[in-house]
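The structure appears right after this line, and notes come after that.
Note that the numbering runs from 1 along the sequence shown for the chain. Note that this is a predicted model, so its numbers are computed, not measured.
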Amino acid sequence: MVSLSLSSYVKAGDEHNHVEIDQVSSSDNFNLSIEQIGYETHARFSFDHNNNTVNLLQSGNNMYFGYSDAWGSGYSWGGDLDGLRNDVEVRQKCSTSNCNANDFQFHILGDDNVVKFGQGYSLNDSTSPTWDYDSNEPGGNFVRLDIHGDDNTVIGSQKMDTNGIQHNMYIGIYSDDNEVYARQAQNGNKTLNLTIRNSDGNDVSVNQRDNGAHTATVSLLGSQPTDLTLVQKGSTNQSYTLSQNCVTVGGCTISVTQQ
């Protein structure tokens, strides 16, 4: 069974909104809800089977949700959203008349993943997050998400108040019981590159905020559970790079704060 709920609002004389969804094979209980308010909003992806749920809100213009420009469509290998009980909710919102390009991009293969992501919104660390919107968002956020399986949970958000300033976020995650919360907010060119290829459960929380142009590159490749908390705040530019291979019996706990 496939359940669809689509709505779109376009101002007279503006360019079109676009929705393109390809069903690869059997669909099971796929639930899709898309609301597009504005113009030049695009949603493109393919899916396969099982109990997937996708909720998408695009409000503004110059917004894209779909397969990544790094690897293109996943239709040939089973779909950009493949199988099992994935839950994806993305909200993109911009308050200006000419929004900067606002992408999401994703590829999820399977298992019980939960993805919540806000662009133009600030989210708290919760599977039922608070979608905080301050009505001053020029767009211009970019995310690339690539999850391949197991019981992952990703909660993330990017927002800013100044036109022409970019936030970037790449997230990896390929296996097992990872939980990631990453929040980038306000002005400054925040960049996060997180890669987790672990065979056990990680708990990672990254918070980059305020006006400084912060950069964080985190790679957790260990074989034991890992806890990481990284906070970079303030108006001073911060930069941090961490690569970890943790093999201790009790796992690893790391906390870094720069303000």
### Task
Apply side-chain contact (heavy atoms from CB on, under 4.5 Å) to Arg85 and list each qualifying residue two or more places apart in sequence or on a separate chain.
Asn51, Asp112
### Message
Ile173 vs Val154, test: side-chain contact (heavy atoms from CB on, under 4.5 Å). Steps then yes/no.
### Response
CA-CA 10 Å; Ile173 306 176; Val154 177; 3.6 Å; yes
### Short N-O contact, Asp69 and Arg144, less than 4.0 angstrom
yes
### Task
Evaluate the side-chain proximity of Phe65 to Ile34: yes if any heavy-atom separation is below 4.5 Å, no if none is.
no
### Message
Once side-chain contact (heavy atoms from CB on, under 4.5 Å) is applied, do any residues pair with Asn61, and if so which ones, sequence neighbours excluded?
### Response
Tyr39, Cys99
### Task
Quick one: list whatever passes salt bridge (Lys or Arg N to Asp or Glu O under 4.0 Å) with Glu179, sequence neighbours left out.
none
### Hydrophobic cluster partners of Leu109 (side-chain heavy atoms under 4.5 Å)
none
### Query
Is there any salt bridge (charged side-chain N to carboxylate O under 4.0 Å, His left out) pair reaching into residues 16-26, and which pairs are they, with sequence neighbours excluded?
none
### Task
Considering non-hydrogen atoms only, spot the tightest contact between Ser46 and Gly74 and give its length.
OG-C, 4.0 Å
### Message
In terms of relative ring orientation, are Phe47 and Phe45 parallel, tilted or perpendicular, with 30° and 60° separating the classes?
### Response
tilted
### Query
Pick from Gln119, Gln92, Glu35, His42: which one makes a side-chain hydrogen bond (donor to acceptor under 3.5 Å, both in side chains) with Gln58?
Gln92
### Task
Among Ile, Leu, Val, Met, Phe, Trp and Tyr joined by side-chain contacts under 4.5 Å, find the other residues sharing a cluster with Tyr170 and list them by chain and number.
Phe142
### Query
How would you list, by chain and number, every residue that makes a side-chain hydrogen bond (donor to acceptor under 3.5 Å, both in side chains) with Asn152, sequence neighbours excluded?
Asn113, Asn178
### ILVMFWY cluster membership beyond Trp71 - transitive side-chain contacts under 4.5 angstrom
Trp77
### Query
Do the non-hydrogen side-chain atoms of Asn141 and Met160 ever get within less than 4.5 Å of each other?
yes
### Message
Filter on side chain to side chain donor-acceptor pair (under 3.5 Å), then keep only pairs touching residues 127-136, sequence neighbours left out; what's left?
### Response
Asp134-Lys159
#### Entry: Qualifying residues under ring pair (Phe, Tyr, Trp, His ring centres under 6.0 Å), relative to Tyr67, sequence neighbours excluded
none
### Task
For Thr53 and Asp87, test the side chains for any donor-to-acceptor distance below 3.5 angstrom and give the result as yes or no.
no
### Message
Checking Tyr64 now: which residues fulfil ring pair (Phe, Tyr, Trp, His ring centres under 6.0 Å) with it, not counting sequence neighbours?
### Response
none
### Query
Phe117: what forms a ring pair (Phe, Tyr, Trp, His ring centres under 6.0 Å) with it, not counting sequence neighbours?
Phe104
